[in-house]
Amino acid sequence: MAIQFAPLSVPLKRRLQTVAVIQWVYSFLALAQTCIILYFVLLFTRFWIISVVYGIWWFTDWDTPSQGGRRSLSLQRSVVWRYLRDYFPIKLVKTADLDPRENYILGFHPHGVLIAGGFTNFCTEATGFSDLFPGITQHFLMLPLWFRVPFFRDYIMSGGLIPSDKESASYLLRRKTGGNAVVIAVGGAPESLDARPGAFKLLLKNRKGFIKLAIQHGTSLVPVFSFGENELFDQVDNPKGSFLRTVQEKLQKAMGVALPLFHARGVFQYSFGLLPYRRPIYTVVGKPIKVAENPNPSSEEIDRVHQIYTEKLCELFEAHKSQYNVPADQHLTFI
């Protein structure tokens, strides 16, 4: 395979966009591991006091992630994220208002490999979430595992991330003053194993926990579809039943995180590497679906609301797919 190298005359703006993406990919794939190593290495140096003091503070701050977290607007508005946005580019598309007196659960689809659209739109202000939805504070859910990593937990909390457990989401949805949007990547890590260009397969059939949560709190559901999310990386073929897929699924169940074997482009060449392709992402936020409150919903009620949500998600996809270059014969499939 011939390697296609990047030209030497790349404008500075594009180089800065690439640097922003490099740090984002590194943060996603290796920053947590780096923080763990740093924490323990410091214990065996003259700077051991840093880890000790942090450990004491960490113990007293243990419950913060599950109590709304600790976001940093200055970090969310950093110029770094604007360069990240422009690399693809990424755009947040509004189709309806969200009442700041109410709380919402936003179901994000699809997960993609590294959930680029989800992070940029809902963990930063690069695409103007606060301007599009004034009075709404977005909180993206992430595996609780990552909030147990020293230093890293503080970094992800600064972006408005909170643990993806019922208690953390309920803490926000119980607030009667409203103005909170809990964003859930419904397909989760397992869905990333099917993320590849041209794929519109969503893990949704048996994903009903967020539906039950919405009913228990009387919280409106908002379907969100991110066009282009699956176009950023190629992935090694791993059909259901294959040896690779079996290993990936076993590792996912054991570790809680999926390990898709993905590739795209590099820093100085376009033929291979772990950086995403420069392909646009349009994240479309649908209309709220009103949900009646019931602290103890029956399975029939959950199934009924789940069906309504699935239909509204399909309607959102069908209404916008032609605008974002999805072939007319392509439809969502659910597994």
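Model, not experiment: these values are computed from the prediction.
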Taking side chain as C-beta onward, heavy atoms only, is [X] less than 4.5 Å from [Y]?
X      : Y      : value
Thr219 : Glu293 : no
Ile156 : Met142 : yes
Thr127 : Trp81  : no

salt_bridge([X], [Y]) N-O dist < 4.0 Å:
X      : Y      : answer
Asp154 : Arg70  : yes
Glu167 : Arg174 : no
Asp61  : Arg153 : yes

Would Lys253 and Glu249 count as a salt bridge (charged side-chain N to carboxylate O under 4.0 Å, His left out) here? Give the steps. CA-CA 6 Å; Lys253 289 179 181 178; Glu249 290 175 344; over 6 Å; no

Ring-ring centroid check [X] [Y], cutoff 6.0 Å:
X      : Y      : value
Phe108 : Phe225 : no
Tyr54  : Trp57  : yes
Tyr277 : Phe233 : no

Exercise for review: On the 0 to 90° scale, with breaks at 30° and 60°, tag the Tyr282-Tyr324 ring pair as parallel, tilted or perpendicular.
Suggested key: parallel

- request: Let me see the working for Lys290 and Glu102 under salt bridge (charged side-chain N to carboxylate O under 4.0 Å, His left out), right down to the final yes or no.
  value: CA-CA 11 Å; Lys290 290 287 186 180; Glu102 297 184 16; 2.8 Å; yes

Between Ser192 and Gly112 the two heavy atoms that sit nearest each other are CB-O, 3.2 Å

